[in-house]
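Everything on this sheet refers to the single structure shown next.
Computed from a prediction, not measured in an experiment: that's the story for all the values here.
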Amino acid sequence: MRDLAIRIDAMIVGATVAGSEHLPPLLLLHGWPHCRALYRPVMEALGEQARVIAIDLPDIGDSRGAPPGFDKRRLADIAIAAAERLDAPRPVVAGLDVGGMIAFSAARDHGQRIAGAMVMNTVVPGLPPWEKVIANPAIWHFAFHQLPKLPEALVSDRQRIYFDFFIDALSDNAKAIGDDMRQRFADAYRRPEALRAGFEWYRAMPEDADRNRERVAIDIPVAYVRGDADHADLQAYLDGLRAGGVLNLVGHTIPESGELLPLENPSAFIDSVRGFMQRVRASGDCG
């Protein structure tokens, strides 16, 4: 593995890469409150069969410079551009949490630039069961994070405490997320610009929802994956994606895992990603 910086317009995107440049590209996107370190434990293994690129989303971690907007369509454009700058066109895009929302937007709005998309452990704004999820009192933070300025004021200098709450609540085995990884996440949002960027993802979700409600046919392969710890109805998420226009869809759960799939069950996560990339290759959409 090696770390590098990618310039995109006025932004610098921090990235970690693994695997030969001759292998099919795989672009990994983290969510909130994570950074690209989320994928470090699985990148060497994935790099045996793919050219793996994990990035810090704009202004998070080693990335610098705010994007033109925080809606998922524009974030997807930047993420794909990062892979293209590394001469890795038409990657499979795999994203977790907010990264999964971005992966869906990559398929919906930039489908000609990617080979397939994995949407993991998230609900896509505007698509069922979106309304049910955001009405759940246990998902209170979606509304809180959309408030202007207040989340930054309360969480600043308390990132580790605040983030640990969510890591513990959303993991099947919180002990699988060690102190070093937790500190990496907190440090990635230490700067005021980074903390704001993370909350802006939520503030853009109403705009994302309005856009996603306009059905667009998505014919590239898409997979929906989530950990089984919350016993959510997988079929409800698959039905939502089909309602949003996904035509070529598969889905499954990963056992013994909550939200942080690459850390909680890395071997099953690796198998899941490899299996989907094989499916993409079999469809003729990936080199």
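- W201 has its ring centre no less than 6.0 Å from the ring centre of H145.
- The only option from L96, V124, I102 that meets the side-chain contact (heavy atoms from CB on, under 4.5 Å) definition with V119 turns out to be V124.
- Atom CG of L38 sits about 11.0 Å away from atom CE of M43, to the nearest 0.5 Å.
- The ring-ring contact (aromatic ring centres under 6.0 Å, His included) check on F276 picks up nothing, with sequence neighbours excluded.
- Listed by chain and residue number, R196, R203 satisfy the salt bridge (Lys or Arg N to Asp or Glu O under 4.0 Å) test with E200 (two or more places apart in sequence, or in another chain).
- The line from CG of D219 to CD of Q112 is 10.5 Å long, rounded to the nearest 0.5 Å.
- The existence of a salt bridge linking R73 and D109 is excluded, since no basic side-chain nitrogen approaches an acidic carboxylate oxygen closer than 4.0 Å.
- In this structure the side chain of V98 reaches within 4.5 angstrom of the side chain of K72, judged on heavy atoms.
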Atom pairs and distances, donor-acceptor, side-chain atoms in residues 257-270, under 3.5 Å, two or more places apart:
{"unit_1": "E264", "atom_1": "OE1", "unit_2": "D172", "atom_2": "N", "d": "2.7"}
{"unit_1": "E264", "atom_1": "OE1", "unit_2": "N173", "atom_2": "N", "d": "3.1"}
{"unit_1": "E264", "atom_1": "OE1", "unit_2": "G258", "atom_2": "N", "d": "3.0"}
{"unit_1": "E264", "atom_1": "OE2", "unit_2": "G258", "atom_2": "N", "d": "3.1"}
{"unit_1": "E264", "atom_1": "OE2", "unit_2": "E259", "atom_2": "N", "d": "3.4"}
{"unit_1": "E264", "atom_1": "OE2", "unit_2": "L260", "atom_2": "N", "d": "3.0"}
{"unit_1": "N265", "atom_1": "OD1", "unit_2": "S267", "atom_2": "OG", "d": "3.4"}
{"unit_1": "N265", "atom_1": "OD1", "unit_2": "A268", "atom_2": "N", "d": "3.3"}
{"unit_1": "N265", "atom_1": "ND2", "unit_2": "P255", "atom_2": "O", "d": "2.8"}

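- Ion pair D239/R242 flagged as a salt bridge, since at least one NZ, NE, NH1 or NH2 atom sits closer than 4.0 Å to an Asp/Glu carboxylate oxygen.
- No donor-acceptor distance shorter than 3.5 angstrom exists from the side chain of D228 to the backbone of H231, with no hydrogens or angles considered.
- Aromatic ring centres of Y202 and F70: separated by at least 6.0 Å.
- Side chain of Y189 to backbone of H34: a donor-acceptor contact under 3.5 angstrom is found.
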Do M1 and E44 pass the side chain to side chain contact (heavy atoms under 4.5 Å, CB included) test, and can you show the C-alpha distance, the side-chain angles, and the key distance before you say yes or no? CA-CA 7 Å; M1 287 189 293; E44 290 286 6; 3.6 Å; yes
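- Criterion: ILVMFWY side-chain heavy atoms under 4.5 Å apart, direct or through other members. Under it, L154 and L195 are part of a common hydrophobic cluster.
- For the pair R279 (side chain) and G275 (backbone), a donor-acceptor distance under 3.5 Å is absent.
- Using a 4.5 Å heavy-atom cutoff, the side chains of T122 and M101 are in contact.
- Applying the salt bridge (charged side-chain N to carboxylate O under 4.0 Å, His left out) test to residues at least two apart or on different chains, none of the pairs has a partner in residues 137-151.
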Report task. Please lay out, stage by stage, how F104 and L127 fare under the test side chain to side chain contact (heavy atoms under 4.5 Å, CB included). Result -> CA-CA 11 Å; F104 174 77; L127 302 185; 3.6 Å; yes
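- Grouping the Ile, Leu, Val, Met, Phe, Trp and Tyr side chains by contacts below 4.5 angstrom, directly or via other members, places V280 apart from L247.
- The line from CZ of F165 to CG of L170 is 8.0 Å long, rounded to the nearest 0.5 Å.
- Distance check: R108 CZ to L241 CG gives 12.5 Å after rounding to the nearest 0.5 Å.
- F166 pairs with exactly one of W140, F144, F142, F185 by the ring pair (Phe, Tyr, Trp, His ring centres under 6.0 Å) rule, that one being W140.
- Taking D157 as the reference, nothing meets the salt bridge (Lys or Arg N to Asp or Glu O under 4.0 Å) condition, with sequence neighbours excluded.
- Salt bridge status for R182 with D179: absent, with no side-chain N to carboxylate O gap under 4.0 Å.
- One finds a salt bridge joining R113 and D77 here, because a Lys/Arg side-chain nitrogen approaches an Asp/Glu carboxylate oxygen to under 4.0 Å.
- Contact annotation: the side chain of I55 never approaches that of I78 to less than 4.5 Å [non-hydrogen atoms, C-beta and beyond].
- The shortest distance between side-chain heavy atoms of D208 and S105 does not fall below 4.5 Å.
- Only one option out of V52, I53, V92 pairs with L27 in a side-chain contact (heavy atoms from CB on, under 4.5 Å); it is I53.
- Here I8 contributes atom CD1 and E84 contributes atom CD; the two are 9.0 Å apart, rounded to the nearest 0.5 Å.
- Side-chain contact of H252 with S272: a donor-acceptor pair under 3.5 Å is present, judged by distance alone.
- Each of I12 and V17 belongs to its own hydrophobic cluster when Ile, Leu, Val, Met, Phe, Trp and Tyr are linked at side-chain heavy-atom distances under 4.5 angstrom.
- Across all non-hydrogen atoms, the minimal contact from A103 to A117 is O-CB, 3.6 Å.
- Using a 4.0 Å cut-off between charged nitrogen and carboxylate oxygen, D62 and R36 count as a salt-bridge pair.
- Here the CZ-CE distance, from R281 to M277, works out to 6.0 Å after rounding to the nearest 0.5 Å.
- Among residues two or more places apart in sequence or in another chain, the side-chain hydrogen bond (donor to acceptor under 3.5 Å, both in side chains) test is passed with R226 by Y224, D230.
- Side-chain atoms of D3 and T16 form a donor-acceptor pair, as typed in the model, at a separation below 3.5 Å.
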